[in-house]
Amino acid sequence: MTSDSIPVAAPVLNGNERRYVLDCIDSGWISTHGAYVPRFEQAFAEHIGCRHAIGCSNGTAALHLCLAALDIGPGDEVIVPTLTYVATANAVRYLGARPVFVDVEPDIWTLAPVAFAAAVGPRTRAVIPVHLYGHPAAMPEILDIARATGIAVIEDAAQAQGTSLAGRMAGSLGTLAAFSFFGNKTLTCGQGGMVTTDDDRLAERLRHLARVAMHPDRPYWHDEVGYNYRLTNIQAAIGLAQLEQVHWHLERRRAVAAGYRERLAHLPQVRFQQQRADVRHGHWMVNVRIDAADADSIVACRLALSERGVETRVGFPPLHLLPPYAEATPSSFPVAEAVSRESLTLPTHAALTPSQLDRVCDGLAAFLARREASLRPAS
Ligand SMILES: Cc1ncc(COP(=O)(O)O)c(C=O)c1O
């Protein structure tokens with residue numbers, strides 16, 4: 001990458017981040033105690049519109065804590081869409097439970113409710129809908145099925161900061177929700193996570209588990225095996241500063257997503273994730289499907305863009321094809337496999353300029369024109 005390269009993701013730290021971090025250093029509160037942790041948690045709960053927000057070390061830890069707080073363990077099954085980042089299934093495995101994969105919907109690429117309903121069995125304890133790329137999963141249908149079958153709903157909202165459905169924020173729709181503040185996320189604190197919930201009992205249990213299950217009044221007295229999953233004051237300081245600017249971050253991402261749609265509208269081979277009614281898309285990343293692409297053509301396309309200084313990513317490989325999960329999952333999931341095969345993730349971050357968007361889109365259009373020409377029979 002050179003200085004005029006366009007990274008696929010980049011944090012923008014243009015608010016109070018520096019001031020708050022210096023405050024942590026000057027005051028000496030750099031570890032897991034300090035005022036920024038409760039301030040960030042409270043502000044995040046208000047932003048989501050829920051009673052509790054519990055900070056933790058990253059999004060994977062947040063998912064792990066949600067499942068642990070529900071006492072999920074060996075012999076239990078948790079339903080997971082196969083098209084997601086690996087953490088969604090890993091968290092289930094950490095507890096000795098089994099992730100049961102299901103396919104996704106062809107338009108929005110999130111957990112297919114019909115497939116979910118068919119996968120519920122006597123051992124199913126929970127479902128983890130993932131709001132992929134910032135589009136909410138079909139929550140009304142998923143919640144109806146979960147209610148009818150008595151299972152918990154954990155939203156994987158790692159990619160869904162600022163996403164809402166029918167006026168309610170992602171993170172306030174299920175029993176529990178997990179967020180990530182990794183460096184490429186809409187709001188970041190380098191590494192960090194948050195669990196949101198309205199359930200007082202689960203919130204208390206989660207806090208306890210995240211703090212090594214230490215008795216609040218008896219130092220070094222741990223009443224069960226807990227986890228050291230606390231957020232640091234420095235992480236919370238950065239997170240709070242980012243949250244103060246959340247509307248700006250979201251507006252910028254929406255402008256970037258709209259910019260791509262406008263510039264690529266003339267290319268019939270490029271398909272976007274559709275947006276359902278009543279949805280406010282968080283636009284974590286703009287991922288497009290390139291019609292009839294396979295692994296080789298995606299590699300060639302990424303190389304062509306990289307030669308123009310544009311960094312891209314491939315789509316997530318469906319989890320049922322990854323070595324830790326393949327053996328236990330003999331089925332195939334055609335929609336997830338097709339979306340993954342044809343996926344190209346374009347640079348998406350708050351600092352992208354219109355001329356950078358032009359460069360990405362011109363590069364993609366030029367590659368596709370060359371591909372079309374090479375497929376045309378010679379006359
Ligand atoms: C869908 C999903 N779930 C969970 C995570 C895990 O978050 P973290 O990287 O903070 O552990 C991510 C991170 O990218 C994610 O995309």
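Atoms within a ligand are numbered from 1 in the order they appear, just like the ligands themselves.
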Within a distance under 4.0 Å of any heavy atom of Ala158, pick out the atoms of ligand 1 and give their elements. 2 (C), 3 (N), 4 (C), 5 (C), 12 (C), 15 (C)
What I want to find out is whether Arg205 reaches Asp71 closely enough, with some N-O distance under 4.0 Å, to be called a salt bridge. yes
Counting from 1 in the order shown, the ligand 1 atoms closer than 4.0 Å to a non-hydrogen atom of Ser180 are 7 (O), 8 (P), 10 (O)
Given 3.5 Å as the limit, does a donor-acceptor pair link the side chain of His249 with the main chain of Leu187, or not? no
Using heavy atoms and a threshold below 4.0 Å, how should the contact between Thr60 and ligand 1 be classified: side chain, backbone, both, or neither? both
Cation-aromatic face contact Arg39/Tyr20, 6.0 Å, 45 degrees: yes
Quick one: does any side-chain atom of Arg123 pair with a main-chain N or O of Gly75 as donor and acceptor, under 3.5 Å? yes
Do His320 and Glu337 have a side chain donor and acceptor closer than 3.5 Å? yes
Considering only heavy atoms, does Asn58 approach ligand 1 within less than 4.0 Å through its side chain, its backbone, both, or neither? both
For a side chain to side chain contact (heavy atoms under 4.5 Å, CB included) check, start with the C-alpha distance between Val310 and Arg359, then their side-chain angles and the critical distance, and finish with the verdict. CA-CA 8 Å; Val310 176; Arg359 177 138 61 100; 4.2 Å; yes
For ligand 1, which atoms sit closer than 4.0 Å to a heavy atom of Val130? 1 (C)
If the cut-off is 4.0 Å to any non-hydrogen atom of Lys185, which atoms of ligand 1 fall inside it? 13 (C), 14 (O)
Beyond-backbone contact of Tyr229 with His64, side-chain heavy atoms, under 4.5 angstrom: yes
Side chains of Asp358 and Ser355: donor-acceptor distance under 3.5 Å anywhere? no
If we number the atoms of ligand 1 from 1 as shown, the ones under 4.0 Å from a heavy atom of Asp156 are 1 (C), 2 (C), 3 (N), 4 (C)
Shortest protein heavy-atom distance from atom 12 (C) of ligand 1, along with the residue and atom involved: Tyr85 CD2, 3.3 Å
Can you list the ligand 1 atoms lying under 4.0 Å from a non-hydrogen atom of Ala87? 4 (C), 5 (C), 6 (C)
Heavy-atom nearest neighbour in the protein, as seen from atom 8 (P) of ligand 1, with distance rounded to 0.1 Å: Gly59 N, 3.4 Å
So the atoms of ligand 1 within less than 4.0 Å of a heavy atom of Thr84 turn out to be 1 (C)
